[in-house]
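First the structure, in the form of structure tokens, and then the observations on it.
Note on naming: letters A, B, ... go to the chains in the order of the sequence lines (proteins, then strands), and numbering restarts at 1 for each one.
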2 protein chains.
Amino acid sequence: MSTSNASGPLTPERILEAAEETLRRFGPAKTTVVDVARALGVSHGSVYRHFPTKADLRDAVVDRWLQRMHPWLSAVAQGEGAAAERVRLVLWTLAEMKWTQSQNDPEFFTAFAELAEEARTPVVAHVDFVVAQLTKVIAEGVARGEIASADPRATALAVFDATAKFHNPAARSEWVRPAIDEAFANVWTLLRDGLLPRPPAV
Amino acid sequence: MSTSNASGPLTPERILEAAEETLRRFGPAKTTVVDVARALGVSHGSVYRHFPTKADLRDAVVDRWLQRMHPWLSAVAQGEGAAAERVRLVLWTLAEMKWTQSQNDPEFFTAFAELAEEARTPVVAHVDFVVAQLTKVIAEGVARGEIASADPRATALAVFDATAKFHNPAARSEWVRPAIDEAFANVWTLLRDGLLPRPPAV
DNA sequence: CGAATGACAAAACTTGAAATCTGTCAGCTG
DNA sequence: CAGCTGACAGATTTCAAGTTTTGTCATTCG
């Protein structure tokens with residue numbers, strides 16, 4: 001019996017699509033490779049032809065999820081306006097996207113946050129991407145005299161770490177509005193004052 | 001048969017001592033109220049006379065553990081020197097005490113970190129204490145013209161939140177030395193520059 | 001001949017019956 | 001009689017047997 005699927009050859013992309021859908025429906029605890037294969041109308045052996053282990057498949061799904069945010073972050077990083085304001089926007093966008101997802105679909109977000117805890121590699125790549133965007137904006141701000149920093153990458157890491165509470169899914173239990181907006185505003189006030197160049201002492 | 005214990009009447013303090021010791025030996029998952037009672041040579045009914053539920057006993061142990069840090073934090077908060085430096089010292093001491101414990105006795109620290117995740121009330125009290133210390137130092141700095149802040153409590157919360165990565169046990173997996181010392185230094189540079197008053201623009 | 005299958009062994013999970021634990025309280029004991 | 005005990009009911013956890021899942025690979029299919 002051939003359960004052959006309408007949509008062409010089996011590709012990593014089609015598997016990832018089906019895996020994310022299955023994860024969404026059953027949750028990370030209940031999703032098996034056989035479930036994913038069934039959603040595609042193939043045997044589980046075929047899935048293993050493209051992803052050597054279940055952990056690799058899971059990491060690839062997490063990677064896809066994280067990378068979907070990247071265009072939005074690039075956009076605000078490359079926008080117009082003062083460098084400090086663009087740093088704020090990158091951090092805010094990063095946090096806001098996660099808050100929104102976590103509020104709109106808590107189960108899905110929790111599922112992905114749990115997966116992300118295990119999936120070191122894609123998370124490291126995501127952090128690297130965000131820090132690279134911040135570094136670019138800060139370096140530009142330094143060049144224009146809008147931001148004071150001896151080492152733009154160190155400063156980028158510092159603002160990223162200092163706002164961890166707002167974008168790290170591990171802290172999601174504290175994302176209660178409106179308290180979290182206020183906390184972000186308070187932290188940002190301090191960071192912005194730390195970024196701005198000081199006029200030479202009199 | 002009386003397994004009567006040498007040391008006087010059963011007090012909450014003696015129970016907490018035994019509970020902490022038992023938790024340390026068996027871990028939070030394997031510790032039962034019966035174990036604690038056995039360590040004291042009493043029946044578990046006697047423990048329930050002093051703590052209405054196991055959760056209350058656990059919270060009291062966590063509370064004791066967190067409060068043991070308080071004298072050290074008060075000491076640096078009340079020390080001499082510039083206000084900003086004392087803010088740094090409070091945050092550093094808070095982080096350092098946790099890093100040290102987590103390195104010296106990882107199992108014990110993990111156990112307590114897990115307990116703390118469930119024990120809302122003592123954790124809130126601990127955060128309140130630390131923020132109160134920071135608020136005092138910042139308010140003093142503002143009075144002396146050493147620190148710029150429109151609202152010392154908001155600023156205290158901001159520096160506390162901005163350093164969450166360094167003192168929140170939930171982030172303990174990232175406490176790898178020496179990377180974490182450097183990350184702290186970078187964040188602090190930014191926060192300090194945000195705290196210092198700016199000379200009036202020319 | 002490359003892509004896919006499905007039978008298979010080992011590992012990881014599920015299940016439910018037995019054991020243990022929590023929290024109560026009537027009664028004992030010093 | 002104040003403080004403690006231990007039997008007890010209901011909730012939770014353990015453990016071993018049974019089931020499912022992962023990952024491999026010889027074989028089949030187009």
Exercise for the section: Quick one: sort the A:F112 and A:F108 rings into parallel, tilted or perpendicular, breaks at 30° and 60°. Expected result: tilted
Practice task
Remember a base hit wins even if backbone is also touched, and classify B:S43 as base, sugar-phosphate or nothing at under 4.0 Å, heavy atoms.
Solution key: base
Fill in the blank from the handout: Angle separating the five-pair end axes of the helix from C:dC1-D:dG30 to C:dG30-D:dC1, nearest 10°, is 20°
Exercise for the section: Check whether any side-chain nitrogen or oxygen of B:S46 sits under 4.0 Å from OP1 or OP2 of D:dT5, and answer yes or no. Expected result: yes
Practice task
For A:D105, enumerate each residue passing the side-chain hydrogen bond (donor to acceptor under 3.5 Å, both in side chains) test, keeping only those at least two apart in sequence or located in another chain.
Solution key: none
Problem - A:F51 CZ - C:dA3 P separation (whole Å) - result: 15 Å
Practice task
Scan residues 16-24 of chain A against DNA chain D and write down, sorted by residue number, each residue with any heavy atom closer than 4.0 Å; if none is found, say none.
Solution key: none
Handout entry: Closest nucleotide among D:dG23, C:dT22, D:dC4 to the B:K54 side chain
Key = C:dT22
Exercise for the section: Report yes if a side-chain nitrogen or oxygen of A:K30 is closer than 4.0 Å to either non-bridging phosphate oxygen (OP1 or OP2) of C:dT14; otherwise report no. Expected result: yes
Exercise for the section: Kindly indicate whether the side chain of A:R49 and the base of C:dA4 share any N or O donor-acceptor pair separated by less than 3.5 Å? Expected result: yes
Handout entry: Partner of A:V87 by side chain to side chain contact (heavy atoms under 4.5 Å, CB included), out of A:L191, A:L134, A:T155
Key = A:L134
Practice task
For atom CZ of B:R120, decide whether the heavy atoms of other residues, nucleotides or ligands shown that lie under 6.0 angstrom number more than 12.
Solution key: no
Fill in the blank from the handout: Separation of C:dC21 atom P from B:D35 atom CG, nearest Å, is 7 Å
Fill in the blank from the handout: The nucleotide from D:dT22, C:dT24, C:dA4 with an atom nearest the side chain of A:H50 is C:dA4
Problem - Lys/Arg N to Asp/Glu carboxylate O, A:E85 vs A:R88, below 4.0 Å - result: yes
Handout entry: Given B:W92, B:F184, B:W175, the one that forms ring pair (Phe, Tyr, Trp, His ring centres under 6.0 Å) with B:F166
Key = B:F184
